Peer 1: 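A single structure is presented below for examination.
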Amino acid sequence: MTTPLSWQPAASLTHLRRRADLLANIRQFFAARQVLEVETPMLSAASITDLQLGFLETRWREPGAGADGRRLFLHTSPEFPMKRLLCAGYGDIYQICKVFRDDESGRYHNPEFTMLEWYRLGFDHHQLMDEVDALLQQVLGGTAGERLSYGAAFQYHLAIDPHTVTDATLAQLCQARAHYTGSTLDRDAMLQLLFSVCIEPQLGQQRPCFVFDFPASQAALARIRAGTPAVASRFEVYVRGIELANGFHELADADEQRRRFTADNAARVACGLPAGVIDEALLQALAAGLPDCAGVALGVDRLVMLALGASHIDEVISFPIRRA
């Protein structure tokens, strides 16, 4: 027997008023910096290829498309069309929008959620960390955040160097510290498990914590900085143990981006997941030229939770998925 759908909103009027104030505060922050607010489509002909994300799809029955219609995807982020705007010369831009991810539901997750994403020309990821820090101080109050390299985080919490530690040691730590007893994991999966279980909950307890210099194998859409070890020009932000934002010094090489998309799809298929549809429009835009820039995506619902001291995402969303 299914539970009857409640027509009542999950969030209180007080929380929704505070949410509206926070969104107005964010817009004031960018207006003061002359960053343009934009809108891009929620529906796309392409999906993501990221192994860690599930995508939702639908069908558009346009004239002549046949009985099944045209396959479209609800975006997991506005990143790809925003980069097309950057390539077209639109300059510094930001967007507040709904995004969609499959298999996400829980204390900090709703499959439909609100994302703030912005791009700054001429910034690297360190300069963008400064701006994220300024936004958090304006919205949440408190002091400036701290910076911690990925390697230093592992050294402090697990006493290992994540760039040089053996796979055998990682496997032992996953069992002893993360209590993992499943099938064999690859190196990145072990690092991600240890980071999420043993390190993330400790981060940002007193002030925001910016973690940077992730392994090159976890670059996603970030540039890779050569060296020993090579690292991704990428950062994540944590407040009170909650992952709040993920930022990059953006990759501008269309050929390298295609290679990464193809490798992602191969990994998805190997794990029994459907391959994503590669965004050819994005690759064409990158080939035309992406200006040097850094970008970041920030979870607005989580930010509202932190601002209000809420314990569950349902407290700050009018109608979460089970009331939608």
Side-chain angles (χ1 to χ4, degrees), residues 1-24 26 39-61 69-82 95-117 139 192 196-197 200-201 220 236-246 268 271-277 296-324:
M1 182 176 175
T2 58
T3 303
L5 183 70
S6 173
W7 67 268
Q8 291 278 3
S12 69
L13 178 58
T14 297
H15 278 187
L16 291 186
R17 282 176 172 159
R18 293 279 301 278
R19 180 187 178 103
D21 290 341
L22 184 144
L23 289 170
I26 290 172
E39 292 182 326
T40 56
M42 293 185 185
L43 288 173
S44 173
S47 71
I48 48 86
T49 59
D50 192 320
L51 179 62
Q52 307 302 321
L53 298 180
F55 50 77
L56 295 168
E57 61 180 279
T58 187
R59 295 281 172 173
W60 175 36
R61 288 172 176 81
R70 179 184 174 193
R71 189 185 187 199
L72 294 173
F73 301 89
L74 290 163
H75 68 175
T76 59
S77 158
E79 178 171 5
F80 295 172
M82 289 184 78
Q95 182 168 187
I96 300 171
C97 64
K98 293 291 187 181
V99 297
F100 306 85
R101 296 182 181 179
D102 200 11
D103 300 326
E104 295 199 353
S105 180
R107 184 180 178 188
Y108 300 116
H109 297 89
N110 193 64
E112 176 186 353
F113 63 99
T114 302
M115 179 178 285
L116 162 65
E117 187 151 335
V139 173
Q192 289 165 359
S196 64
V197 173
E200 277 187 10
E236 290 183 354
V237 187
Y238 294 85
V239 179
R240 299 172 212 160
I242 300 173
E243 181 191 346
L244 195 57
N246 189 11
R268 289 181 67 89
C271 291
L273 298 172
V277 177
V296 61
L298 185 150
V300 171
D301 307 298
R302 294 183 182 185
L303 184 63
V304 177
M305 286 179 66
L306 290 164
L308 301 184
S311 60
H312 198 288
I313 197 170
D314 288 3
E315 297 175 52
V316 300
I317 298 175
S318 58
F319 298 105
I321 189 62
R322 290 178 179 83
R323 300 192 187 202

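On a predicted model such as this, the values are computed, not experimentally measured, just so you know. We use all heavy atoms of the structure for the numbers below, so side chains are in, but hydrogens, waters and symmetry mates are not.
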Peer 1: Show the numbers, then the answer: is there a side chain to side chain contact (heavy atoms under 4.5 Å, CB included) between Phe100 and Met42?
Peer 2: CA-CA 9 Å; Phe100 306 85; Met42 293 185 185; 3.9 Å; yes

Peer 1: Provide the closest heavy-atom pair for Pro320 versus Asp314 in the form atom of the first, atom of the second, distance.
Peer 2: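 In terms of heavy atoms, the two residues are closest at CB-OD1, 3.3 Å.
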
Peer 1: Of all residues at least two apart in sequence or in a different chain, which pass the side-chain contact (heavy atoms from CB on, under 4.5 Å) check with Phe73?
Peer 2: Ser47, Phe55, Glu57, Arg71, Val277

Peer 1: Nearest 0.5 Å, please: how far is CG in Leu308 from CD in Glu315?
Peer 2: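 One finds 8.5 Å between CD of Glu315 and CG of Leu308.
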
Peer 1: Side chains of Gln192 and Ser196: any donor to acceptor distance under 3.5 Å?
Peer 2: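 No, Gln192 and Ser196 have no side-chain donor paired with an acceptor closer than 3.5 Å.
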
Peer 1: Using side-chain contact (heavy atoms from CB on, under 4.5 Å) as the criterion, list what pairs up with Arg70, not counting sequence neighbours.
Peer 2: Ala45, Trp60, Glu62, Leu72

Peer 1: Contact between Ile96 and Met115 at the side-chain level, heavy atoms closer than 4.5 Å - yes or no?
Peer 2: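 They are not in side-chain contact.
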
Peer 1: Would you call Leu116 and Leu303 a side-chain contact if the rule is heavy atoms closer than 4.5 Å?
Peer 2: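 SC-SC contact between Leu116 and Leu303 ruled out.
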
Peer 1: Atom CG in Asn246, atom CD in Glu79: separation rounded to 0.5 Å?
Peer 2: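 So the CG of Asn246 and the CD of Glu79 are separated by 9.0 Å.
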
Peer 1: Quick one: list whatever passes side chain to side chain donor-acceptor pair (under 3.5 Å) with Arg101, sequence neighbours left out.
Peer 2: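 Counting only residues at least two positions away or on another chain, Arg101 forms no side chain to side chain donor-acceptor pair (under 3.5 Å).
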
Peer 1: Any non-hydrogen side-chain atom of Cys271 less than 4.5 Å from a side-chain atom of Leu51?
Peer 2: yes

Peer 1: Please find the pair of heavy atoms, one from Gln95 and one from Pro78, that lie closest to each other, and give the distance.
Peer 2: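 Scanning both residues, the minimum pair turns out to be NE2-CB, 3.4 Å.
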
Peer 1: Heavy-atom distance under 4.5 Å between the side chains of Thr76 and Val99, does that happen here?
Peer 2: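 Sidechains of Val99 and Thr76: no contact.
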
Peer 1: Would you call Arg19 and Asp301 a salt bridge, using N to O less than 4.0 angstrom?
Peer 2: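 So Arg19 pairs with Asp301 through a salt bridge.
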
Peer 1: To the nearest 0.5 Å, how far apart are CG in Asn110 and CZ in Phe319?
Peer 2: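 Atom-to-atom, Asn110:CG and Phe319:CZ are 13.0 Å apart.
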
Peer 1: Passes side-chain hydrogen bond (donor to acceptor under 3.5 Å, both in side chains), Ser105 versus Arg322? Steps please.
Peer 2: CA-CA 10 Å; Ser105 180; Arg322 290 178 179 83; 3.0 Å; yes

Peer 1: So, does His75 use its side chain to make a donor-acceptor pair with the main chain of Leu43 at under 3.5 Å?
Peer 2: no

Peer 1: Does any N or O in the side chain of Arg302 come within less than 3.5 Å of the main-chain N or O of Ile242, such that one atom is a donor and the other an acceptor?
Peer 2: no

Peer 1: Who are the side-chain contact (heavy atoms from CB on, under 4.5 Å) partners of Ala307, not counting sequence neighbours?
Peer 2: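 Checked Ala307 against side-chain contact (heavy atoms from CB on, under 4.5 Å); matches are Leu22, Leu140.
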
Peer 1: Within a strict 4.5 Å, meaning less than it, do heavy atoms of the Cys97 and Glu39 side chains meet?
Peer 2: no

Peer 1: Would you compute the distance between atom CG of Leu56 and atom CG of Leu74 and round it to the nearest 0.5 angstrom?
Peer 2: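 Spacing of CG (Leu56) from CG (Leu74) equals 6.0 Å.
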
Peer 1: Taking only residues two or more places apart in sequence or in another chain, which ones pass side-chain contact (heavy atoms from CB on, under 4.5 Å) with Asp50?
Peer 2: Ile48, Gln52, Leu53

Peer 1: Under 6.0 Å from the CZ atom of Arg17, do we count more than 12 heavy atoms belonging to anything else shown?
Peer 2: no

Peer 1: Of all residues at least two apart in sequence or in a different chain, which pass the side chain to side chain donor-acceptor pair (under 3.5 Å) check with Glu117?
Peer 2: Ser77, Tyr119

Peer 1: Are any of the side-chain heavy atoms of Leu16 and Ser318 separated by less than 4.5 Å?
Peer 2: yes

Peer 1: Supply the atom-to-atom distance Glu243 CD to Leu298 CG, rounded to the nearest 0.5 angstrom.
Peer 2: 10.0 Å

